[in-house]
Amino acid sequence: MKARLPRVSEWLSETQPDVLLIQETKLKQDLFPHDAMAELGYESAHFGQGQWNGVAILSRVGLSDVQLNFAPGIEQDGEARIISATCAGIRVMSCYVPNGRELDHDHYVYKLSWLNRLRQHLDATCSASDDVIVGGDFNIAPEDRDVWDVKAFENATHVSKPERDALKQVCEFGLEDTFRKFHDEDSLFSWWDYRGGSFHKGHGMRIDLLLATSSVVERSTWTAIDRNARKGEQPSDHAPVLLRVSDV
DNA sequence: ATGGTGGCTGGGCCA
């Protein structure tokens with residue numbers, strides 16, 4: 001968030017979303033640029049730890065009932081990976097799901113545990129009949145059509161069955177991958193590795209998701225991945241995913 | 001596709 005403040009500010013000014021969910025701020029809790037965001041018209045809430053992880057929610061339509069980490073009663077995570085808030089009557093959550101690293105790595109076990117606790121967090125704090133959006137970097141490509149080449153992902157994280165099943169368990173709370181309401185195409189990606197010219201080769205994955213409850217899905221009218229944001233100077237390796245939700 | 005780039009730092013880790 002520090003290195004890309006100019007890009008984020010420019011993008012906010014041009015795109016003017018009502019709400020923005022940010023992951024991997026890599027900032028200590030109190031170093032988030034709340035003032036710079038306020039100058040652009042956005043309230044902001046940040047859950048940070050510095051150096052790694054960190055999640056935030058920006059809103060110009062209200063920001064209340066902010067919750068850091070999982071709800072009380074659920075095993076708290078040691079890292080700053082989820083923040084929840086209510087914006088314009090919608091409960092929104094900004095999630096940075098653990099990467100997993102390797103299938104036989106402890107971090108992969110942590111990834112599955114984290115997703116299980118995300119489901120617990122949903123069960124504990126809201127209902128499927130509420131307006132809920134759970135968004136962020138899930139580090140999971142839901143289906144094979146969401147990666148550039150399945151053969152390149154054999155025995156790799158992001159596509160394995162256990163993590164996809166864990167994501168399904170999250171969705172079975174009553175959430176839907178909003179992108180697929182509007183787009184059936186394969187090879188539409190939200191992340192490309194910095195290395196090896198992946199972006200220019202089209203070697204990407206769709207791992208950034210906006211999951212929503214049915215009342216939000218019904219009001220959704222449009223979605224897109226802003227891949228232009230992956231271009232230019234000092235881009236993030238992720239592109240923003242946009243969802244338009246009509247007023248009640 | 002066992003390297004490669006980028007950002008945190010201030011050497012090495014993480015993605």
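Sequence lines set the chain letters: A, B, ... in the order given, protein chains first and strands last, and positions in each chain run from 1. It should be emphasised that the depicted structure is a prediction, and the values quoted were computed from it without experimental measurement. Any value given below was found using the heavy atoms of this structure, including those in side chains, with hydrogens, waters and symmetry copies removed.
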Using nucleotides 12-15 of chain B, report all nitrogen or oxygen pairs with the protein that are shorter than 3.5 Å.
{"unit_1": "B:dA15", "atom_1": "OP2", "unit_2": "A:R101", "atom_2": "NE", "d": "2.6"}
{"unit_1": "B:dA15", "atom_1": "OP2", "unit_2": "A:R101", "atom_2": "NH2", "d": "3.4"}

Using a cut-off of 4.0 Å on non-hydrogen atoms, how would the nucleic acid contact of A:A152 be classed: base, sugar-phosphate, or nothing?
nothing
Span that lies between the C1' atom of B:dA15 and that of B:dT9, in whole angstrom
16 Å
Interatomic distance where CG belongs to A:L27 and P belongs to B:dG7 [whole Å]
13 Å
In whole angstrom, what separates A:N155's CG from B:dT2's P?
15 Å
Would a single hydrophobic cluster contain both A:V97 and A:L175, if residues Ile, Leu, Val, Met, Phe, Trp and Tyr are joined by side-chain heavy-atom contacts under 4.5 Å?
yes
Check whether more than 12 heavy atoms from other residues, nucleotides or ligands sit under 6.0 Å from atom CD of A:E233, and answer yes or no.
no
So which one's nearest nucleotide on DNA chain B is more toward 5', A:S198 or A:P235?
A:S198
Using the rule given for side-chain contact (heavy atoms from CB on, under 4.5 Å), can you reason through A:V19 versus A:I57, listing the C-alpha separation, both sets of side-chain angles and the distance that settles it, and then say yes or no?
CA-CA 7 Å; A:V19 177; A:I57 299 174; 4.2 Å; yes
Give A:W192 one of three labels, base, sugar-phosphate or nothing, depending on what nucleic acid heavy atoms sit under 4.0 Å from its own.
nothing
Determine the sole option in A:L210, A:I225, A:T15 for which the side chain to side chain contact (heavy atoms under 4.5 Å, CB included) test with A:L242 is passed.
A:T15
The criterion is side chain to side chain donor-acceptor pair (under 3.5 Å); which residues satisfy it with A:Q16, sequence neighbours excluded?
A:R60
Measuring from the side chain of A:K2 (C-beta onward, heavy atoms only), which nucleotide among B:dC8, B:dG7, B:dA1 has the closest atom?
B:dC8
NE2 of A:H200 versus P of B:dT5: gap in Å, rounded?
13 Å
Report, as yes or no, whether the 6.0 Å neighbourhood of atom NZ on A:K161 holds more than 12 heavy atoms from other residues, nucleotides or ligands.
no
Rounded to the Å, how far apart are A:Q234 CD and B:dG6 P?
9 Å
Distance between the P atoms of B:dG7 and B:dG3, in whole angstroms?
23 Å
Between A:D146 and A:R180, is there a side-chain heavy-atom distance shorter than 4.5 Å?
yes
Whole-Å gap separating P (B:dA1) and NE2 (A:H158):
19 Å
Pairwise C1' distance for B:dG12 and B:dA1, with rounding to whole Å
23 Å
